[in-house]
Amino acid sequence: MSKNAKGALLTTMGGMCWGLSGSMGQYLFTVQGMDARWLTPIRLFLAGVILFFYRLFQNRASLFDILKHKRSLLLLACYGLLGVAFCQLTYFMTIQYSNAGVGTIMQDLSPIMILVMSCILGMRRPKWIEILSLILALVGVYLIVTHGDPKTLSVSPRALILGVLSAVGVTVYNMIAPSLTKDYPVTVLQTWSFLAGGIFVGILGRGYEIHYVPNAMGIFGILFVIAVGNLLAFTSYIKGVQYIGPGKGILYGFSEPVTAALIATVLFHNPFGVFDFLGFLCIFLMLLLISISQEN
């Protein structure tokens, strides 16, 4: 199998795993009665524990090296807390107040935010293809949240705000990551981000105030989002990006909202009409244009 084929397969699989994790989150919220503020810190912290022991036995020195440098430690704190942890909290809260399809599609606004920040920091004007991408993103979100009628909202304002905030979190960790990945393995960054993020989100969301005891299916769901949503999805996607680059990775990552939307429609009977389809299509075209722009 060629590198392009491997990369396409791995990034698509990573996106699908994230979509499956989001759908499981919707099940845990709607059927099991969990709260995103309770689930997210548990998910983050347990994933961090698993990665911690993995890195501890694989390469102990690399695990603790990042803690010895003040600049790296500061960047790691911003990457892990304001990026990874904040993103996952707001992402699951978006799903809780809407559905998995909306949660994942709102996260896909992050490439536009990264594009805008790149133009500002680089002090350059956006290309015409980038301007068109921005317009498509805005039209796509408009169609999804209003179904074409500006007087009504098919998505609650709370879910809309949380969805935008989740995209901000994705933007933060994507823009900080290059400064860290050149010196440290990705699994090391994720280990400390998950561990510290679990504590941070638990305090921020006051999950400790929520008294909830999961049943057997609830425990299975928690383990599922940890294994599939944190460990398998991230590993597959990042490995795929190493083969084909971030530009194409963004495009194949669209399998995430598609998977989540299909499951939400078939299993949870969430409505998915013409305007939803057109909104998804606009977001996909936006990602396609950004992918082309990054390749050129």
Side-chain angles (χ1 to χ4, degrees), residues 1-25 39-40 42-63 65-66 76 79-80 83-85 87-89 91-92 100 103-104 107-108 110-111 166 169-170 172-174 176-198 220-260 263:
M1 188 181 292
S2 67
K3 284 189 175 182
N4 282 337
K6 286 181 181 178
L9 179 62
L10 286 169
T11 50
T12 300
M13 188 172 75
M16 291 177 68
C17 286
W18 273 317
L20 289 169
S21 175
S23 299
M24 178 58 79
L39 173 63
T40 307
I42 292 175
R43 174 195 182 188
L44 284 168
F45 191 77
L46 290 181
V49 169
I50 294 171
L51 283 179
F52 179 83
F53 284 105
Y54 168 75
R55 290 300 310 185
L56 190 65
F57 289 110
Q58 186 190 56
N59 192 328
R60 182 187 182 95
S62 67
L63 179 59
D65 185 53
I66 192 172
L76 178 63
Y79 169 87
V84 174
C87 160
Q88 295 207 19
L89 174 63
Y91 168 66
F92 267 105
T104 53
Q107 270 200 340
D108 274 340
S110 58
S166 72
V170 175
V172 169
Y173 76 69
N174 269 284
I176 295 177
S179 299
L180 292 169
T181 52
K182 65 181 180 180
D183 298 317
Y184 306 100
V186 174
T187 50
V188 170
L189 304 181
Q190 293 304 105
T191 296
W192 295 115
S193 296
F194 289 158
L195 287 173
F220 170 78
I222 294 171
L223 295 176
F224 184 91
V225 297
I226 291 171
V228 177
N230 281 65
L231 303 177
L232 183 59
F234 187 83
T235 303
S236 300
Y237 185 82
I238 294 300
K239 187 65 177 177
V241 167
Q242 290 178 347
Y243 284 121
I244 61 176
K248 290 182 179 178
I250 288 174
L251 186 59
Y252 289 114
F254 193 68
S255 58
E256 177 186 0
V258 170
T259 300
I263 294 175

* Gap between atom CG of L232 and atom CZ of F224 - 0.5 Å precision -> 9.0 Å
* Mind listing the closest non-hydrogen atom pair of Y79 and A177 along with its distance? => CE1-CB, 3.9 Å
* Asked: Should L195 and L51 be marked as a side chain to side chain contact (heavy atoms under 4.5 Å, CB included) after you check the CA-CA gap, both sets of side-chain angles, and the distance that decides it?
  -> CA-CA 9 Å; L195 287 173; L51 283 179; over 6 Å; no
* Asked: Picking from Y91, W18, F254, what satisfies side chain to side chain contact (heavy atoms under 4.5 Å, CB included) with T104?
  -> Y91
* Closest heavy-atom contact between L63 and W192? -> O-NE1, 2.8 Å
* Do other residues, nucleotides or ligands put more than 12 heavy atoms under 6.0 Å from M16 CE? -> no
* Do the side chain of S23 and the main chain of G19 share a donor and acceptor less than 3.5 angstrom apart? -> yes
* T187 OG1 to Q58 CD distance, which is reported to the nearest 0.5 Å -> 6.0 Å
* Asked: Does T40 use its side chain to pair, donor to acceptor, with the backbone of L89 at less than 3.5 Å?
  -> no
* To do: Can you measure from CG (N59) to CG (D65) and round to the nearest 0.5 angstrom?
  => 9.5 Å
* Which value, rounded to the nearest 0.5 Å, describes the distance between L10 atom CG and K3 atom NZ? -> 13.0 Å
* Would you check if the side chain of T12 reaches a backbone N or O of L9 as a donor-acceptor pair within less than 3.5 Å? => no
* Asked: Within the side chain of T11, is there an N or O that forms a donor-acceptor pair under 3.5 Å with the backbone of A8?
  -> yes
* Asked: Out of curiosity, M13 CE to T235 OG1, how far, rounded to the nearest 0.5 Å?
  -> 9.0 Å
* To do: Mind checking the OH-CG spacing from Y184 to L76? Nearest 0.5 Å is all I need.
  => 9.0 Å
